[in-house]
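For ligands, and for the atoms within them, numbers begin at 1 and follow the listed sequence.
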Amino acid sequence: SSPDSDGCTPELEKAGLLNKTKIAEGGRKLRKNWSPSWVVLVGNSLVFFKDPKSQTPSSWKPGNSRPESSVDLRGAQLHWANDLSSKKNVFKLRTVTGNEFLLQSETDSLIKEWYNTIQNVIDRLDRE
Ligand code: I3S
């Protein structure tokens, strides 16, 4: 179970290392550039950090580390996307602004957890 399965820390939902590439910006297709990213799901946002080696689960906090980018999950769409890569365990996240990311892990259970957790946040925001 996740560290937050008891709901005692409502802000930070999940953090971990995933492979990431952005494939579209504002609906315009981009060239893939896969790299490891420290991914943090906090509140309504998915936040990406560079240099995962220097990151720890506590170092995402404001002031400690500058995010590379951040994604607003309100209105976002999530789809399994194994057709978009030769890698296994790939999903696509599309924001309302037309930014698209692929996220991937070699570990089946880990990518499923990420998928479910992000989808739960999207569903919660859809109901608001
Ligand atoms: O969808 P593509 O074009 O097959 O994606 C591959 C390329 O981005 C490739 O880089 P080049 O643009 O230098 O060929 C990457 O190295 C591959 O990882 C990409 O494919 P995968 O299947 O890994 O997503």
Student: State, to 0.1 Å, how close N89 and N82 come at their nearest heavy-atom pair, and which atoms those are.
Tutor: N-OD1, 3.3 Å
Student: With a 4.0 Å cut-off on N to O distance, would you call E68 and K22 a salt bridge?
Tutor: no
Student: Is there any side chain to side chain donor-acceptor pair (under 3.5 Å) pair reaching into residues 69-80, and which pairs are they, with sequence neighbours excluded?
Tutor: R74-E128
Student: To check you understand the geometry: which heavy-atom pair defines the closest contact between N99 and E25, and what is its length?
Tutor: OD1-CA, 3.3 Å
Student: Would you say the side chain of T95 lies within less than 4.5 Å of the side chain of L46, judging by non-hydrogen atoms?
Tutor: no
Student: Taking only heavy atoms of the protein into account, state which residues are under 4.0 angstrom from an atom of ligand 1, in chain and number order.
Tutor: R31, K32, W34, S85, S86, K87
Student: Please find the pair of heavy atoms, one from F49 and one from S37, that lie closest to each other, and give the distance.
Tutor: O-OG, 3.5 Å
